[in-house]
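What follows is a set of notes on a single structure, which appears directly below.
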Amino acid sequence: MSAEDQNDEPPLDVNLLKEISKKALVDALNSVNGSKTLVLDPLLAAPLGLVTEVALLKHHGVDKMFWLEPGPLTSSTTNILYLCRPMVSYVKIIAGHIKKHAKESSKHNYTLVLVPRLSSLVSRLLEEEGVLGDITISSYNLQFLPVANDVLSLEYESAFKDIWVDGDESVVYDSAQALITLQKLFGLFPRLLGKGDCAARLINHLTTYLPQSHTPDTLSEPFSNFDSLIVIDRRVDMITPLLTQLTYEGLMDELLGIKNSHVELPASLVAPPPNPQTGATAAPPPPPPAAASLRKENKKKYHLSSADSLFMELRDVNFSNVGKRLNGVARRLEEDYKTSLQSKTTAQLREFVGRLGGLQSDHQSLRIHTGISELMLPITRTEQFNKSLEIQQNLLASYNVSEQISSIEDMIAKGADMETIVRLLCLASITAGGIKTKALDNIKREFLQAYGYNFLPLLLALAAPSLAILLPNPLPTSTPPAISASKLPFSPLRKSLRLLIDDNPEALEELENDISFVYSGYAPLSVRLVQCVAQKGGVLSNPAEKEKSLESSNKAPDGGKVQAHPIVGWKGFEDILAMIPGKTVDVVQNGVGVTPSGGIARPKDKATTTVVFFLGGCTYTEIAALRWVARQNRGRSFLIATTGIINGSSIVDGIAGIQKASAGTKDAGI
Amino acid sequence: MSEHPTTSWQAMQSGTGTVFYRRQQLYSLLGKLPDLGDYIISGCRYGGPLAMMRDNTKLIAIGRATPAFAKSQIQVYSSAGEGILLFSWDQSRIIRFGWTLNEQLVVLNEEGVYRVYDLQGDYQQFSLGSEASEMGVIDARIHENGMVALTGSLALLEVKGWEGARPMTLANPGLSDPPVSWAIIPPDSNISRHVEVLLSVDNTIYTVDNLESVDQRLSQGPFTHVSPSPNGKALALLTATGTLLVVSSDFQRRMAEFDTLNVPSAQGTVKQVEWCANDAIIVTWDSLAVLVGPFADTLEYYYVGNTFAVTEPDGVRVFGADVCDLIQKVPDSTLSIFRPGSTSPEAILYDAWESFSQRSPKADESIRSIRPDLATAVDKCIDAAGQEWEPYWQRRLLNAANFGKGSLDFYNPTDFVNMGQTLKVLNAVRFFEIGIPLSYAQFSYTSPTHLISRLTSRNMHLLALRISTFLSLKPDVVLKHWASAKILRSRPVASGTTTGKDAELDGDDEVCRLIVDKFKQLGGVDVSYADIAKRAWEVGRTGLATKLLDHEQRASDQVPLLLSMKEDRLALQKAVDSGDTDLVYQVLLHLHKHLTLGSFFRLIEDGGERLAPASRLLQVYAREQDRDMLRDFYYSDDRRVESAVLALEEATRMTDPSARITAVKSAQKFFSEDKDRSFEAKMMDESSRLLVLQQQLEAEADGKVPFFGQSVNETIRTCVVNGMLKRADKIKSDFKVPDKRFWYTKLYALTEIRDFEGLDTFSKSKRSPIGYEAFVHHLVEKGHSKEAVAYVARCDPPKRADLYAECDEWRMVGKECKDRGDKAKLEQLRKKCPNSLIARELEQIALTMK
């Protein structure tokens, strides 16, 4: 299944988006004449790191850079440029700077560049602070950023919390804008499919606003690059992020934490600086010296880029197989080095020397990835980790739920991580349709005593109607009907969508042949839903497909891949979708190359791209699973777009962050 | 038949040969304009109108035709001398007025207030800010897309655009006196794309932009006139001694020098120094204009009465008392056709056509002779047609082109057709009643849409509509303007039969229907009804505005108007429906400011499910910005849980212990008021009890040990670590901590402080509820294998061997296995052992077993 290289359909050139963002940034910088001090939102530093380098900023007149943080700002240049997301706390800091400067009577020109668009809230706040007159406000429309060849991210860290805890749906609107941009670049989505209430709203925005915005030529082209857009609302599938991700990249995110494609590793591991030609160190803008020494300690950031071929090979592999893979690569490298000893003629030698650079970078990345695996291995052997996995698997199988609850209680007693406990509790509540009231009250009490009473709002938020993932069973009579309607009928779904692959020896092979490899047995519900649209065969009858593909592999030259079927909506799965709470949407966008029947008339051999948008974030495992689905078919590739990359702990931390307030912004969730 | 084009030509002898300039009379103005000498005038480019204001510094002979004005009045005349607008100025003294690119008149007064007037006399008023109003404005320069003002403190303020942008201070030139004269190079024609100010100070000129002020170190100053060329590349400077200097705008090259005192017929002082396109300068005196060419050669033009010159990108317009002229260099194509004795292909083509129309066989011969160049000749003829003013000559030239085109096998007629269309449009707008003497070059430069907007701003909707249809442009702009004008003009009809109110409603309905029908009929799809509705509302026709607004589809346009119309609920609803959170905030913040808190809350609460998103956004905002408001909001809506959570959030931010306890207690109170929240209330009760207890503990520890704010587990741990074991036990019983959790916590704490004796005592205090394996595991994990060994014996016998191995106690492993006779286990563990010595030992033990 090492089929990364087999993926013959070239994905769209997403670097275009990067270039656009870069150009917009340059324009924003150039709007202020002369040298300037850049004051940067720390949350934006990493996304910007994906777009540009420090050199580019310097080239466009940035003299010094500071974090946008409380405290005084001394600037040697007249021009001060703030670049930040429109957040109330930032506005206060900025107003503080301006007032302070006014008091010291140092004169500056202030420009505030808001990402991604202007905000009347910000101007109002500035007005209230009495500094609106001193500052020029403009916007920098930073939208989708390519974090991998086939993954686009808006890099919103708090999208999930904003939508489902605070009810602030700015993210939905911004996502719609970003998707419209995508359409302008690559063509119209002929069909819009979605599951979930917010997904429905997003699609509504897309269809309402498009006809009015001036339609550029790409939108009227007869053939779009896309065949459909599938929007999955995170609320629809809360199970997946709550589970522990078991692919290499996913586990790395769980255990070490990946932020904006960078993982923090002990400096000793990254230390011998990788060859510049590997291109693996497109460093983000370095923090200003003062802040640097504080935060860096002896950790170093390592960029997990698509240029690293070994990482490309490993990232989607179940962690249990990573050791084997690494071993194989090590052997291969050794072989390659050995050939140098056998090379006799100068020509052979020259050829070897030519490859040496590649070998060295391979060597380097092998060293790093072996190091990373060694870092993670001990953690995967701890009791806590394994107990939590065991509980997860039992809950998914609905095996003896009350016993699992007491296991969770034991874990609290043993002092397990707060995040782990919350994830398990929510998982129990979702899969079992709620936890028995008495047991729940008891465990909530245990939880609060062990981790602090200040987590009570977190528990309330999880039980609130918008989220409803930690509920008592039966529900008290006074609960609003919205809550009972939002319950996921897990058991029937597990059966009809084949969410859990049995844990017996025969099934193991099957596991290798299904998206459930990413969770060692559980198939992410969200990806199953995508399969309902884009690979209908894969949902129900995987083994059969496998046989078929084996048969055809003898004949077909294409390595046994099945031609992707056209997009016909949710057809065949309407009943199942009706069972899942949340609206189901299926809209055909006005007629470009669409036949009346709704199927899309296009040349058979032309590869199309299906965009899957995760509203509220997606996990690395879901990405891995979608890549797997893409490899099964010919003629369709997936472009995964998301508001951000998440995992269960980052969600929990995000919600709990209400209490952490200012403390949690920097390294929350790691 | 009109005069031959060459009759308006005059030759200027220049260094490299003869250059022809032509003086094209555009309009005859006899008696239409007042005496230009008595007025301050500002002319709009691209054939735009003139704005005039009486120059108060001049004496007027009583009895002249002009009435004396008590107040300032500004008159606007078209180039053909037709009056377009007259308005009086009721504010403080006017400093400067000038034109924008869109033919709007900007009037600036000494208090830094400026108004942007359209040609209908409607204006928007802006200010240059407090600094300008305090110091006063002494002068200003207005360009098409902004202006630069010189304040009383001799600082320069720049305004970009005409949307009321905030004035930016340019670099301080450090003047002590106002400059003798000054000028600006607009951003569009400057290399840096930022405005540049040229100040004539003493002998030199300072160039000032937003970064720095540079002394150019000239010596001939002071300069009475500074005038940059239309493309910004050259400057014309007139010294006090009457020398005209032309230099490049970076002051690196001197291009020409000319002594104005040498003009014999000139009387008095120089009035204007203006550019004629980019290569010649026109210097005007009373009734004389002298054109100075690039090599200081001159042409003199005489006028009756005072003159006024307006620079155009392709020439200069000169107004005299009785005439309006365009003086420009004869365009290349025209020159090569009509120049006497020209033998260029285009001249021959034109000649051939003339022969042809006179039925002379010479035509064929001529056309043969220029065959290879025929295509270019045709192009030139088309181009020359565009340069001609008289339809007669335009037609002749186009005919010639057509004739040549016929002899070509392949020729793309697009240019020909376009030129024909364009000329038709140009001739229409040049007609004196319309009075826009737009040249072809200017038309190409400013675009057809610009022309349309100029026509609509003169309320010439029909012509504008016809032209836009003729040029296949969208009719939206015209329709929009038409609708606004329509609303303005149509007063609600009050006929005798119906009462006033009904009549107004009928009127509204009718006007609305009229407008909507017209739009549908003419296909104005992109028209924003909101703009028109806004207009209706501004003139006080709220009913009509509401009706029109219903047709608007873009919420972002609808909402602001609805707000100003005080349709609060509707505005909020539309904003919520649009999904644009920023729009919702806009409405919320506006309402919060203008309504009483009570009615504001009521509005949101009454909205129910539909306005729920707005309510949530308000909470997000208030949580950060206005907590008191949020508290009131929750309270007024009886949201106990939210009130409690808010109190808790505040508690976590508090540093003062007693305040925090109070906050937690109030949260507890809120929860207890909700019967479904008894669990939470109980928890909060525990929480406050814990906080009080922690205060006591801190007092007991003499404030050396921080307890406050810890969780129950942490408190127990801190107690144990600090040897307050009794207290730990008390907490356990007070908070009903289960045995298991208590034991784990204490185990961890004791291990942490390496109190192994204490641990031993603790382990023996009663039978461990967590077993003893946990002890072993934890101790080993923390690196205390030796201490762990003691606990292995208390574990389940079957597990002991493994646990010993975990503790690295191999001898005991052997013993254990031997005692239990478990050879298999021994073998299994032997494989794991760290060195051969032990392995051998274990092997020996194994051998002793059966």
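Convention: sequence-line order gives letters A, B, ...; per-chain numbering from 1. Please read all numbers here as calculations on a predicted model, not as lab measurements. Excluded from the calculations below are hydrogen atoms, water molecules and symmetry mates; all remaining heavy atoms, backbone and side chain alike, are included.
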Subject >> Portion of B:Phe735 that has a non-hydrogen atom of chain A nearer than 4.5 angstrom >> reply: both

**OP:** Select, from B:Met684, B:Glu714, B:His777, the one with the greatest count of heavy-atom pairs under 4.5 Å involving chain A.
**Re:** B:Met684

Original post:
Would you say the side chain of A:Tyr173 lies within less than 4.5 Å of the side chain of B:Leu583, judging by non-hydrogen atoms?
Top reply: no

**OP:** Below 4.5 Å from any heavy atom of chain A, which atoms of B:Phe742 appear? Answer side chain, backbone, both or neither.
**Re:** neither

Original post:
Does any heavy atom of chain B fall under 4.5 Å from the side chain of A:Leu459, the backbone, both, or neither of them?
Top reply: neither

Original post:
For A:Leu121, is it the side chain, the backbone, both, or neither that has a heavy atom closer than 4.5 Å to a heavy atom of chain B?
Top reply: both

Original post:
NZ of B:Lys740: more than 12 outside heavy atoms within 6.0 angstrom?
Top reply: no

**OP:** Sort A:Arg445 into side chain, backbone, both or neither according to what part of it lies under 4.5 angstrom from a heavy atom of chain B.
**Re:** both

Original post:
Relative to chain A, which of B:Glu686, B:Gln619, B:Glu212 shows the most heavy atom pairs under 4.5 Å?
Top reply: B:Glu686

Original post:
So which of B:Lys675, B:Arg677, B:Lys593 has the biggest tally of heavy-atom pairs under 4.5 Å with chain A?
Top reply: B:Lys593

**OP:** Given side-chain contact (heavy atoms from CB on, under 4.5 Å), test A:Glu409 with B:Arg741 step by step and report yes or no.
**Re:** CA-CA 9 Å; A:Glu409 201 176 321; B:Arg741 182 146 56 83; over 6 Å; no

Original post:
Of the listed residues (A:Gly167, A:Gly34, A:Gly452), which shares the most heavy-atom pairs with chain B below a 4.5 Å separation?
Top reply: A:Gly167

Subject >> Partner chain B: residue of A:Asp162, A:Leu125, A:Thr78 with the largest heavy-atom pair count (under 4.5 Å) >> reply: A:Leu125

Subject >> Interface moiety of B:Glu781 toward chain A, non-hydrogen atoms closer than 4.5 Å >> reply: neither

**OP:** Please state whether the side chain, the backbone, both or neither of B:Leu690 comes within less than 4.5 Å of a heavy atom of chain A.
**Re:** side chain

Original post:
Looking only at heavy atoms, what is the nearest atom pair of A:Glu169 and B:Thr581, with distance?
Top reply: C-CG2, 3.7 Å

**OP:** Please look at A:Ile135 and chain B and tell me whether the side chain, the backbone, both or neither of the residue comes under 4.5 angstrom of a heavy atom of that chain.
**Re:** backbone

Original post:
At what distance, to the nearest 0.5 angstrom, does CG of A:Asp441 lie from NZ of B:Lys682?
Top reply: 7.5 Å

Original post:
Taking atom CE of A:Met411 and atom OH of B:Tyr744, what is their separation to the nearest 0.5 Å?
Top reply: 11.0 Å

Subject >> Closest heavy-atom pair and its distance - A:Glu446, B:Pro738 >> reply: OE2-CG, 2.9 Å

Original post:
For B:Gln586, is it the side chain, the backbone, both or neither that has a heavy atom under 4.5 Å from a heavy atom of chain A?
Top reply: both

**OP:** Decide side-chain contact (heavy atoms from CB on, under 4.5 Å) for B:Glu624 and A:Lys92; before the verdict, give the C-alpha distance in whole Å, the side-chain angles of both, and the deciding distance to 0.1 Å.
**Re:** CA-CA 10 Å; B:Glu624 290 278 354; A:Lys92 288 189 174 159; 5.7 Å; no

**OP:** Working to the nearest 0.5 Å, report the span between CG of B:Leu747 and NZ of A:Lys414.
**Re:** 11.5 Å

Subject >> Heavy-atom closest contact (A:Ser31 atom, B:His194 atom, distance) >> reply: O-CE1, 4.4 Å

Subject >> Shortest non-hydrogen contact from A:Tyr451 toward B:Ser711 >> reply: C-CB, 3.6 Å

Original post:
Any ion pair linking B:Asp580 and A:Arg117 (charged N to carboxylate O, less than 4.0 Å)?
Top reply: yes

Original post:
Is the count of non-hydrogen atoms from other residues, nucleotides or ligands lying under 6.0 Å from A:Gln384 atom CD greater than 12?
Top reply: yes

Original post:
Roughly how far apart are B:Met683 CE and A:Phe455 CZ, rounded to 0.5 Å?
Top reply: 15.5 Å

Original post:
Of the listed residues (A:Val122, A:Asn79, A:Asp134, A:Leu202), which shares the most heavy-atom pairs with chain B below a 4.5 Å separation?
Top reply: A:Asp134

Original post:
Is chain A contacted by the side chain of B:Leu648, its backbone, both, or neither, given a heavy-atom distance below 4.5 Å?
Top reply: side chain

**OP:** List the atom of B:Asp582, the atom of A:Ser119, and the distance in Å for their closest heavy-atom pair.
**Re:** OD1-CA, 3.2 Å

**OP:** Quick one: pull up CG in A:Asp166 and OH in B:Tyr621 and give me the separation to the nearest 0.5 Å.
**Re:** 16.0 Å

**OP:** Quick one: pull up CG in A:Asp410 and CD1 in B:Ile770 and give me the separation to the nearest 0.5 Å.
**Re:** 10.0 Å

Original post:
chain A heavy atoms under 4.5 Å from B:Val584: which part of the residue, side chain, backbone, both or neither?
Top reply: neither

Subject >> Any donor-acceptor pair under 3.5 Å from A:Arg124 side chain to B:Leu589 backbone >> reply: yes

**OP:** Would you please test B:Phe679 and A:Leu440 for side-chain contact (heavy atoms from CB on, under 4.5 Å) and show each step?
**Re:** CA-CA 11 Å; B:Phe679 169 76; A:Leu440 182 65; over 6 Å; no

Original post:
If every non-hydrogen atom of A:Leu132 is compared with every non-hydrogen atom of B:Arg166, which pair is closest and at what distance?
Top reply: O-CD, 4.5 Å

